[in-house]
Undergrad: 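Take this structure first; my questions come after.
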Amino acid sequence: MIIAIDGPAASGKGTIAKRLAAHYGLRHLDSGLLYRGVAKAVIEGGRDPADRDAAVAAARAFEPGRYPASALKGDDVAKAASQVAAIPQVREALIAFQRSFARTRPGAVIDGRDIGTVIAPDADVKIFVTATPEERARRRLLELQGRGEASDEAAVLADILARDARDTGRAVAPLRQAPDAHLLDTTHLAIDPAVRAAIDIVEAVRAGRKPA
Ligand code: DC
């Protein structure tokens, strides 16, 4: 089984994807880490993430697992990832890895922005996870505070809105809900009920029912 989870930053899609994978015994790929890894390699090489040639070269040389996820979590890397992700040749260089991950038994849950639309358009189940920008900013702020990083809600909200605009506005593989994806709005859901709702969607699709 292949489950595609798409949605904007801090919508809850990563945690939902991880927990769905554990629940169904599937492999999990956070595809954002691939774009973050490319961005990190560009920054580490002393180049600008807006530098196309540097970003494309880094994507073509991409090795999964080169950086631990903990090294890719910062907001500077997130912003740079959103920049390199807008370059078509960067996306192209990362497609084969994601498709082969999806096809490997016993199947996978992949989360990102274009999984249901581009990477796995034939996924068994597609879920588009969203929440209001204000609620996502609130969550991101709590996360930053938890890591001891100072920030304020207005700055976090501005970052989220800028990243949303770049991810939905780019010409290639923009963030959008696939026509056959099920919408899961987590604005008023804590993580446990959100995961439960995602499992309910998967179960309904598998049983041939229309999710509630
Ligand atoms: O999910 P994330 O915040 O780790 O993603 C970081 C950036 O990578 C995001 O702003 C856009 C880009 N991205 C993408 O374009 N396509 C994906 N499938 C996953 C992430």
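Atoms within a ligand are numbered from 1 in the order they appear, just like the ligands themselves. In this chain, numbering begins with 1 at the start of the sequence shown. Excluded from the calculations below are hydrogen atoms, water molecules and symmetry mates; all remaining heavy atoms, backbone and side chain alike, are included.
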Undergrad: Looking only at distances, please establish whether an N/O atom of ligand 1 is found under 3.5 Å from an N/O atom of S31.
TA: yes

Undergrad: May I ask you to check whether over 12 heavy atoms, not counting those of R147, lie within 6.0 Å of atom CZ?
TA: yes

Undergrad: Among R91, R99, R176, which one satisfies salt bridge (Lys or Arg N to Asp or Glu O under 4.0 Å) with D114?
TA: R91

Undergrad: What atoms of ligand 1 come within less than 4.0 Å of a heavy atom belonging to R163?
TA: 3 (O), 5 (O), 6 (C), 7 (C), 9 (C), 10 (O)

Undergrad: Which ligand 1 atoms are under 4.0 Å away from a heavy-atom of A85?
TA: 12 (C), 15 (O)

Undergrad: Could you check whether R139 pairs with E143 (Lys NZ or Arg NE/NH1/NH2 to Asp/Glu carboxylate O, under 4.0 Å)?
TA: no

Undergrad: Could you tell me the residue and atom name of the protein heavy atom closest to atom 8 (O) of ligand 1, and the distance to it rounded to 0.1 Å?
TA: Y35 CB, 3.6 Å

Undergrad: Return the closest protein heavy atom for atom 4 (O) of ligand 1 as residue, atom name and distance.
TA: R36 NE, 2.6 Å

Undergrad: Indicate if I87 and I43 have the same hydrophobic cluster label, given that clusters are the connected sets of ILVMFWY residues with side-chain heavy-atom separations under 4.5 angstrom.
TA: no

Undergrad: If I apply the N/O under 3.5 Å rule, does R113 come out as touching ligand 1?
TA: yes

Undergrad: Which bit of S82 is near ligand 1, meaning a heavy atom under 4.0 Å away: side chain, backbone, both or neither?
TA: both

Undergrad: Is R166 close enough to touch ligand 1? Criterion: a residue heavy atom under 4.0 Å from a ligand atom.
TA: no

Undergrad: Which residue in the set I2, I201, V109, I5 passes side chain to side chain contact (heavy atoms under 4.5 Å, CB included) when paired with V125?
TA: I201

Undergrad: For D111 and ligand 1, does the shortest N/O to N/O distance drop below 3.5 Å?
TA: no

Undergrad: Would you mind checking if R196 and D200 are paired as a salt bridge, meaning a charged N to carboxylate O distance below 4.0 Å?
TA: yes

Undergrad: Tell me the nearest of K73, K79, R91 to atom 15 (O) of ligand 1, using heavy-atom distances.
TA: R91

Undergrad: For ligand 1 and R170, I'd like to know whether there is a polar contact (N/O to N/O, distance under 3.5 Å).
TA: yes

Undergrad: Does this structure show an ion pair linking D164 with R136, if we count only N-O contacts that are shorter than 4.0 Å?
TA: yes

Undergrad: Using a 4.0 Å cutoff against the non-hydrogen atoms of K13, which atoms of ligand 1 qualify?
TA: 1 (O)

Undergrad: Are E149 and K73 within salt-bridge range, i.e. N to O under 4.0 Å?
TA: no

